[in-house]
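Chain letters run A, B, ... following the sequence lines, proteins first, then strands; residues in each count from 1. Just so it is clear, the model here is predicted, and its values are computed rather than measured.
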2 protein chains.
Amino acid sequence: MKDFLPKVSIKVNDKIYLKDPESSELGRKIIAGSIEMIEELGFENFTFGKLAQRISSTEASIYRYFESKHYLLLYLVTWYWSWMEYRLMFGLANIDSPEERLEKAITLLTEQVKEDGAFGHINEIKLNKIVICESSKAYLTKEVDTENREGIFSAYKQLVARVSDIVLEINPSYKYSHMLVSTLIEGAHSQRFFADHLPRLTDIVEGEDAIIEFSKEMVFQSIKKKNGK
Amino acid sequence: MKDFLPKVSIKVNDKIYLKDPESSELGRKIIAGSIEMIEELGFENFTFGKLAQRISSTEASIYRYFESKHYLLLYLVTWYWSWMEYRLMFGLANIDSPEERLEKAITLLTEQVKEDGAFGHINEIKLNKIVICESSKAYLTKEVDTENREGIFSAYKQLVARVSDIVLEINPSYKYSHMLVSTLIEGAHSQRFFADHLPRLTDIVEGEDAIIEFSKEMVFQSIKKKNGK
DNA sequence: CAAATATAAAAGTATCACTATCATTTGTGA
DNA sequence: TCACAAATGATAGTGATACTTTTATATTTG
């Protein structure tokens, strides 16, 4: 997967931005800079003013790309989900057994991102941390419904649908495949956050990555075919 | 549980408030009003100015009770967890079988709160909705660690520990009891939100409460004793 | 080279989080 | 009933921030 990929670039729903940040140097600096700063400061302490200063530009210029910092967050999160789907497609290619594919998918979705690289200005490690700490703030708002109608969340929905399909391949009569997958993803994020900040809500196990292990067990046990069902 | 309870009142860690809102009429109006308004407007659109107007008081007076709206949210969420633990203790009293107790606990933790009443000025139905939409914002901040050191989150941790103990009673060798319980609680919140706003992330089933069913299945399947383990 | 376009510079508005001051009300104890 | 303290109200003020507007200056492109 690593080195000789055709140059792919991840496309984000164009309702999220006013001007495509991939289309200019300044746009890419906005993305790169905001990833750095949101990871450092947290979303609430992050402002366009500070970002402008960091990238030696101005607030007004940033506002030409994104209508608000909320939309910038949506952009980052959406980019992440699209990237995740891309990773998933590559990671699962040529694996026949649906069980193996599901296991690999769970690993990809729940592990801590460690490599940074394929996409120039985007630091995937930091972006992963942002998604863990901030992504729920992108949808836990009073504007969800409007934004959802505009397709803002479709990258996430599509990812969930894709993994859900693998679940159904393994057990077509399992009734809660979407719930299971979205619980898996959101749950793994919470658990990563808890492990770092509220460890008594988790079970730290030396050596192994407990979050991945726990997730796999949870998913595979849940979808086991039971007698009558 | 309903009618003739001795007057209990739920105590919240006194580091959360400057002055106990239970100790005065104005304090109770702040709590009652903020529950109404946060549920209506969402946490980000809610301000002390608007609240002051609604309860015919002033911003300055509200600041005598809470040092910021973040702390007011912490108060509400903490109250909710303490209340939940209280409900749990009553709900599980006199049930011997740990399986039955766990099942009941899952119902209490994941169902939509429907009764409002025992605690005068607090609307538990609306508070439950607030917890679903806003509670993660109470800890997903850069100040978690400091606040955690002050014991701000101990009500939640205690609740998780209590349910975790039931899990361990059923299967003492299950390694991830805290993770399972915190995933259960957070997961049920996400799913309730998704069901209302992003339904493609869930599986709506007519008739039954799919979220409760899914949660029970997930928990009981996860903790099943396996051959060697 | 001219025209369009993107960015910078700077100033301005509205709201909000939070503080400070002082007057008024209310409750309490002697 | 008076005297005092505590709680609340009224009002103003500060500094940040989200976002807008205008105008000037680069930069690109045809």
Side-chain angles (χ1 to χ4, degrees), chain A residues 14-34 37-38 40-76 121 134 137-138 140-143 146-147, chain B residues 14-34 37-38 40-76 121 134 137-138 140-143 146-147:
Chain A
D14 62 12
K15 290 203 171 117
I16 293 179
Y17 50 75
L18 298 172
K19 178 178 169 162
D20 186 356
E22 291 290 338
S23 72
S24 75
E25 190 51 35
L26 178 61
R28 288 183 291 270
K29 271 159 75 181
I30 290 172
I31 299 306
S34 64
M37 293 193 86
I38 294 175
E40 273 171 38
L41 307 175
F43 186 64
E44 11 286 315
N45 302 321
F46 164 80
T47 72
F48 277 8
K50 292 172 188 168
L51 174 58
Q53 203 166 12
R54 167 95 54 123
I55 64 177
S56 308
S57 179
T58 64
E59 249 183 295
S61 297
I62 297 171
Y63 275 104
R64 268 185 220 101
Y65 286 82
F66 293 101
E67 71 187 76
S68 68
K69 74 173 191 171
H70 173 246
Y71 276 85
L72 173 51
L73 179 61
L74 281 174
Y75 182 91
L76 298 179
H121 55 296
E134 321 288 357
K137 298 169 193 169
L140 291 175
T141 69
K142 287 286 168 187
E143 294 78 34
T146 326
E147 288 169 0
Chain B
D14 61 11
K15 290 202 172 119
I16 294 179
Y17 49 76
L18 299 172
K19 177 177 171 161
D20 186 355
E22 291 289 339
S23 71
S24 75
E25 190 50 36
L26 177 62
R28 287 183 292 269
K29 270 159 76 182
I30 291 172
I31 299 306
S34 65
M37 293 194 86
I38 294 175
E40 273 171 39
L41 307 176
F43 186 64
E44 10 287 313
N45 301 321
F46 164 80
T47 72
F48 277 8
K50 292 172 189 168
L51 175 59
Q53 203 167 11
R54 166 94 54 122
I55 64 177
S56 308
S57 179
T58 64
E59 249 184 293
S61 297
I62 298 171
Y63 275 104
R64 277 187 207 100
Y65 286 82
F66 293 101
E67 71 187 76
S68 67
K69 73 174 190 168
H70 173 246
Y71 276 84
L72 173 52
L73 179 62
L74 281 173
Y75 182 90
L76 297 180
H121 55 296
E134 321 289 357
K137 298 170 193 168
L140 290 175
T141 69
K142 287 286 168 187
E143 294 77 36
T146 325
E147 288 169 1

Practice task
Could you list the residues that satisfy salt bridge (Lys or Arg N to Asp or Glu O under 4.0 Å) with A:Glu40, not counting sequence neighbours?
Solution key: A:Arg54
Exercise for the section: For B:Glu67, check salt bridge (Lys or Arg N to Asp or Glu O under 4.0 Å) against everything at least two apart and list the hits. Expected result: none
According to side-chain contact (heavy atoms from CB on, under 4.5 Å), who are the partners of [X], at least two apart in sequence or on a separate chain?
X	result
A:Lys50	A:Met37, A:Leu41, A:Asn45, A:Thr47
A:Ser61	A:Leu26, A:Ser57, A:Thr58, A:Arg64
A:Glu44	A:Glu134, A:Lys137
A:Glu59	A:Phe48, A:Tyr63

How close do [X] and [Y] get, counting heavy atoms only, and between which atoms?
X	Y	value
B:Ile31	B:Pro21	CG1-CB, 3.7 Å
A:Ser34	A:Leu76	OG-CD1, 4.0 Å
A:Gly33	A:Ile55	CA-CG2, 4.3 Å

Practice task
Mind checking B:Phe66 for me? I need base, sugar-phosphate or nothing, with any heavy atom below 4.0 Å counting as a touch.
Solution key: nothing
What is the distance, to the nearest angstrom, from the [atom1] atom on [X] to the [atom2] atom on [N]?
X	N	atom1	atom2	value
A:Tyr71	D:dA18	OH	P	16 Å
B:Glu25	D:dG9	CD	P	11 Å
B:Lys29	D:dT8	NZ	C1'	11 Å

Exercise for the section: Please collect all side chain to side chain donor-acceptor pair (under 3.5 Å) contacts where either partner lies in residues 18-30 of chain A, sequence neighbours excluded, each pair once. Expected result: A:Glu22-A:His121, A:Ser24-A:Tyr65, A:Glu25-A:Arg28
Exercise for the section: With a 4.0 Å heavy-atom cut-off, tell me which residues in residues 48-64 of chain A come close to DNA chain D, sorted by residue number. Expected result: A:Lys50, A:Glu59, A:Ala60, A:Tyr63
Can you tabulate the close N/O pairs, meaning under 3.5 Å, that link protein atoms to atoms of nucleotides 27-30 of chain D?
none

Problem - First and last nucleotide of DNA chain C, 5' to 3', lying under 4.0 Å from heavy atoms of chain B - result: C:dC16 to C:dA20
